[in-house]
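Read the numbers this way: they start at 1 and go in the same order the structure lists the ligands and their atoms. Counting begins at 1 with the first residue of the sequence.
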Amino acid sequence: MAKLIIISNRLPIKIEEKEGKLAYKPSEGGLATGLGSIYKQNDNLWIGWPGMVVEEKEKKQQIVEDLHRENMHPVFLTNTEIKEFYEGFSNETLWPTFHYFSQYAIYDQKLWETYVSVNQKYCDVIMEMAEPNDTIWVHDYQLLLLPSMLREQLPNATIGFFLHIPFPSYEVFRLLPWRKEILEGMLGSDLVGFHTYDDMRHFLSAVNRIVGYGSMHGWINVGSRSLLVDSFPMGIDYEKYSSIAVSEEVQKREKIYRYNLQEQKIMLSIDRLDYSKGIPNRLHAFEKFLEKYPEFHEKVTLVMLVVPSRDSVGKYKQLKEEVDELVGRINGKYSRITWNPIQYFYRSYPLETLSAFYRMADVALVTPMRDGMNLVCKEYIASKHDQKGVLILSEMAGASKELSEALLINPNDISQYVEALHAALTMPEEEQMVYMSHMQDTLKRYNIHHWVSIYMDRLSYVKLKQMSMATSYLDEATFQEMSNAYQEASTRLFFLEYDGGLKEYKGDPALAKPDQELYELLENLSSNPKNRVVVVSSREKDNLEEWLGELNVDLIAEHGVWIKQRDKGWKTMLSLINNWKTDIRLILDLYVDRTPGSFIEEKDYSLVWHYRKVETGLGELRARELVNHLNFLSTNSNLQVLDGQMAVEIKAQEVNKGRAATHWLNIYSPEFVLAVGDDWGDEDVFKAMPSHAYTIKIGNSSSVAKYHLDTCEQTRRLLKRLVAQKKTEKRQKIQGSL
Ligand code: GDG
């Protein structure tokens, strides 16, 4: 039976060795609890490092056996690998870069090489455990190269990837010397998931500008495979945090802490010691608050739980010193015999202790400089049974996109922070309860189980979609079937894309004129009274008229803005307002100035920037910039940017070739339909076709077309054979009757 394999750097357990005996303890954290319910089912498996360096062969064997009973399998890492792969490249290169602290990032080729080799090690272990039909779900920044490594070995496997930390803007990401390899690694997945839409947007932009792949509604084509990029905000195990908060043990602990803190209002913060968490800023804000609002002296305490983390790394040691110093200074300045404004704890605590603090806290301070999601703020909300309490949340945490009822702040704006502290402490209880209950409703619904299930559903959907988009090569057997259908039909309709379908692209669009062979082919095809031939193009109508107007064919010009039936004149299907053109033209002019050889073409309902004549490389580079620029400007407008063959076109969205094609389908209800196209715009034509139509994509990127061919030459040969077959048949008939 196909199984699900979860891969993360660490397994969801901690191993401890006491007096030569191994003990396994479950580890806390969002991922472990969230996926805990699924990896234990059936034959599912979780693969990762068990958290301990093991050298002895027998001990390794023991761990493998013990873990197998719990549906886990270890990847053993050496001390050097931990140092260079985990502490080094993952935490000193990727972590700072992805959290917008690139000034802290180190770029060291040796660390990168170990990162590559450890990703390969994970891949090798997975290959020992995986079967071809398994679903593989890779997690987080330590394993960015793994999806492509797996894809190479298992080309048809279902591979998901989820990034738990932010994906930075292109401007920051591009600083990494290994940016291209990293993106290519991630692109081996079928579904790339992020916490927020912004992360997803940044990723798509980096892929477009660094690797050169465009995207449409989150879909990226990599060769003949399409993958999807989407956002899935991660939730918590709401039930678990909510029920533990009313457990006897937690209430007992709360009583003890309350006794010690007396009537103090409590502000709470819980984070790992990390520069991304904004701990010094929080202390500065609290100090300013005490200075500005002395009436709160002896009435409020900041309980700050800081969990030790990565303390072997220099930057973390410095941060620890800075925090120690700040806490010391503030407490030194404001403490009284009976009151310490800050209660600071540098250690980790059992969940029951955290829960007791969540219950007690009047205000929770979750104010990171940058955070992928942040689960602490969600746990605080789930623990608040009386719905009294205020959450102050940084805009820079992914969670702020969902929890808009929190007091949102920019952690760099210390005066705003101070006012938020004051507002939280003075907020009427009824108001607190309204906000809290809204946030609880959201988190109850979008809990961790929901997150897992929508991610897995989406991954299955991608696989189905890939299957429906996998076009098979149009072979001889299919041709024979098509030819029979052609001969039996009394009404036949052809939609033939001009550029890329019938005629190869030329450096200059004006040079791609019809040749004698093409004229003859179209004449032959259209001379049969049962045939109706529609030539489809994004070219201007005057251009098509000049080249093909004499023929007995119908025409679709400018992506479907203009149509012409052979016995009638041109007519437009839309009456669109074109006032967007003035602004967009200014931008295109700018790109013409900066890109020698490029030029603008103005059509009735679109503008096109052509770069066919531009120096190789430069044109592609500028085109990527321009597509990004235009996509940004066209958000919330009804404009569509098409990244075409050596051209970028912007047009009103209502215009599409598929709509225009429907016009003919409605009039003729043909028994035989054949559509040929080659780029994104032609997908609209394929989609508009009835189920019995033969749809052919030129080129082998994925498409909704049923078949594909490689060249225009092959389209022509196919059409010629269809017509010739008819002629042969006719002759045979005549000869037979003689
Ligand atoms: C990464 C991303 C994203 C903390 N101290 C103790 C303790 N914890 C638990 C908390 C919470 C978890 O650790 C921390 O989760 P966060 O989400 O806040 O932060 P990261 O560890 O940086 O996680 C983050 C997350 O991945 C999930 O995708 O949200 O943005 O950085 O569950 O309760 N638990 C115990 N004792 C402690 O002292 N038992």
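For a threshold of 3.5 Å applied to N or O pairs, the pair formed by Y349 and ligand 1 contains at least one separation below that value. Of the polar atoms of G372, at least one N or O is found under 3.5 Å from an N or O of ligand 1, judged by distance alone. Distances between N or O atoms of H99 and those of ligand 1 include no value under 3.5 Å. Checked against a 3.5 angstrom limit, the closest N/O atoms of W95 and ligand 1 fall outside it.
In this structure, the ring-ring contact (aromatic ring centres under 6.0 Å, His included) partners of Y104, at least two apart in sequence or on a different chain, are F101, Y275. For W178, the ring-ring contact (aromatic ring centres under 6.0 Å, His included) partners two or more places apart in sequence, or in a different chain, are F89, W112.
Comparing R370, H164, H139 against atom 3 (C) of ligand 1, the shortest heavy-atom distance belongs to H164.
Here is the list of ligand 1 atoms found below 4.0 Å of a heavy atom in L375: 16 (P), 17 (O), 18 (O), 27 (C), 29 (O). Which parts of ligand 1 touch M234 is read off a 4.0 Å heavy-atom cut-off, strictly below it: atoms 27 (C), 28 (O). Near R272, the atoms of ligand 1 lying under 4.0 angstrom from a non-hydrogen atom of the residue are 21 (O), 22 (O). Annotation for ligand 1: atoms under 4.0 Å from non-hydrogen atoms of M373 are 3 (C), 24 (C), 29 (O), 30 (O). If you number the atoms of ligand 1 from 1 as listed, the ones under 4.0 Å from a heavy atom of V307 come out as 5 (N), 6 (C), 38 (O). Within ligand 1, the atoms closer than 4.0 Å to a non-hydrogen atom of L354 are 6 (C), 7 (C), 33 (O), 34 (N), 35 (C), 36 (N), 37 (C), numbered from 1 in the order shown.
With respect to the salt-bridge test (charged N to carboxylate O, under 4.0 angstrom), the residues E248 and K252 do not qualify. Salt bridge absent: E321 and K317 never bring a charged side-chain N and a carboxylate O closer than 4.0 Å. Between R282 and D271, at least one side-chain N (NZ, or NE/NH1/NH2) sits under 4.0 Å from a carboxylate O, which counts as a salt bridge.
In this structure, K320 satisfies the cation-pi test against Y346, with its NZ or CZ atom closer than 6.0 Å to the six-membered ring centre and inside 45 degrees of the ring normal.
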